[in-house]
Number of protein chains: 2
Amino acid sequence: MQLSNSSQYAIRILAYMADKKDSKLLNATELAKTLYIPYKFLTKIMTELVKSGLVISIRGRDGGYKFEKKTSEIMVSDILAIFNDSIKNEQCVLGIGFCNGLCKCALHDQWVEPRHLLQKMFQESSLEDIAGKGCKI
Amino acid sequence: MQLSNSSQYAIRILAYMADKKDSKLLNATELAKTLYIPYKFLTKIMTELVKSGLVISIRGRDGGYKFEKKTSEIMVSDILAIFNDSIKNEQCVLGIGFCNGLCKCALHDQWVEPRHLLQKMFQESSLEDIAGKGCKI
DNA sequence: ACATAATACTACTTAAAGGTAGAATTAATT
DNA sequence: AATTAATTCTACCTTTAAGTAGTATTATGT
Ligand code: SF4
Ligand code: SF4
């Protein structure tokens, strides 16, 4: 019942980047040190974020990363989607999901609300919302 | 954002067993076939359930498994605990959890409620509650 | 041109979850 | 006593997530 490490790292990285509004380039070394994320793993994640169009990278000396879109337009759910960590509508607590209405377990109806809250939380929280507290999470 | 396979299987197995109130022994072969769980994996799980005292096993011919406690006294959270799948009070969405009140991310407060609902759901749902619908989940 | 400092790429290693195989043990029936 | 049908044990295999290493590529500044 946890997000994958990659998702967690990615959210933290992007939230930290969003917090530094000044559209300056941020490089992997600094990000890794500041956020206590293994450098090599961080660059791997960053490359995926670049490929999926959330951030752009400038290579070479003085290079780094910056956002491609406005941080108010990037939702946490967009990040989760990249790492196959999204919460689907039909997702069942017990990994089945095809039980019909006539035969449903006691968890079925109880699971609906937390799942919806989670979806809502991920879909409606932008990086702008998450940042702005000046903290390195 | 899913329970482990072991937890999911365990819940389904025990719910099915609870559904067959008649305290008859149920054997691994039948359970595996009925619930479409790989036989060998199921026996591995059952052995853990036996060790943790939820069910007792009778070996030898005509053996099988039955509950040690009343099904109304076994909560889903008890099962999750066995497979290290419990949701902890301090559990953070981003895998950190030590941010203080002064510096918390936008997810922090939104995460409180779904987490609480999940804990509540797991802690307050007994096997008796889950069973009794006559369905093999 | 060259050194430097950054990302990108390819490939590998490690750790954990998920799953399987086979033999050992146990107990009831014959 | 032998057979049979069940669980248990030990060990292994497979897949996926997590993390690492080394090299290639790119761009800047001197
Ligand atoms: S009834 Fe239970 S097992 Fe079936 S889809 Fe709903 S939550 Fe999942
Ligand atoms: S503030 Fe955010 S990162 Fe920090 S503990 Fe709360 S949810 Fe986790």
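Each chain gets a letter, A, B and so on, in the order the sequences are listed, and its residues count up from 1. Since the structure is predicted, the reported quantities are computational estimates derived from the model, not experimental observations.
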Just the rounded figure in Å: distance from C1' of dT7(C) to CE of M46(A).
10 Å

Would the base of dT25(D) count as contacting R59(A) through its side chain, where contact means a donor and an acceptor less than 3.5 Å apart?
yes

How many whole angstroms separate atom CG of L42(A) from atom C1' of dA6(C)?
13 Å

Go through the N and O atoms of the side chain of K40(B) and the base of dG22(C), and report whether any donor-acceptor pair is under 3.5 Å.
yes

Can you list the steps and then say if E73(B) with S126(B) is a side-chain hydrogen bond (donor to acceptor under 3.5 Å, both in side chains)?
CA-CA 6 Å; E73(B) 288 166 359; S126(B) 73; over 6 Å; no

For Y9(B) and dG19(C), is the shortest distance between a side-chain N/O and OP1 or OP2 below 4.0 Å?
yes

Sugar-phosphate only, base, or nothing, as touched by L25(B) at under 4.0 Å among non-hydrogen atoms
nothing

Please give, in whole Å, the distance from dT13(C) P to F41(A) CZ?
18 Å

Is any side-chain heavy atom of F67(A) closer than 4.5 Å to one of L14(A)?
yes

Closest nucleotide among dT26(D), dT4(C), dG19(D) to the K44(A) side chain:
dG19(D)

Answer yes or no: is there a side-chain heavy-atom contact under 4.5 Å between E68(B) and V55(B)?
no

Closest heavy-atom pair and its distance - I56(A), V50(A):
C-CG2, 4.5 Å

Between dT7(C) and Y39(A), is there an OP1 or OP2 to side-chain N/O distance shorter than 4.0 Å?
yes

dT8(D) phosphate, OP1 or OP2, under 4.0 Å from T47(B) side-chain N/O:
yes

d(CG, L49(A); P, dT7(C)) in whole Å
13 Å

Picking from dA8(C), dT8(D), dA6(D), the nucleotide nearest the side-chain atoms of N27(B) would be dA6(D)

Are any of Y65(B)'s side-chain N or O atoms less than 4.0 Å away from OP1 or OP2 of dT8(D)?
yes

Can you check the E48(A) CD to dA17(D) P distance for me, whole Å?
11 Å

Grab the CD1-P distance between I37(B) and dG18(C) for me, whole Å please.
13 Å

Without decimals, in angstroms, what is the distance between I58(B) CD1 and dT26(C) C1'?
11 Å

Do L25(B) and I58(B) make a side-chain contact, defined as non-hydrogen atoms from C-beta onward lying under 4.5 Å apart?
yes

Both L3(B) and S57(A) contact DNA chain C. Which one's nearest nucleotide lies toward the 5' end?
S57(A)

Quick one: is dG19(D) close enough that its OP1 or OP2 comes under 4.0 Å of any side-chain N or O from N5(A)?
yes

Whole-Å distance separating the CZ atom of F83(A) from the C1' atom of dG19(D)
14 Å

T43(B) side chain near dT8(D) phosphate (N/O to OP1/OP2, under 4.0 Å)
no

DNA chain D nearest-nucleotide lookup for S6(A) and K51(B): closer to the 5′ end is K51(B)

Nearest non-hydrogen partners of A81(B) and S86(B), listed with the distance
CA-OG, 3.3 Å

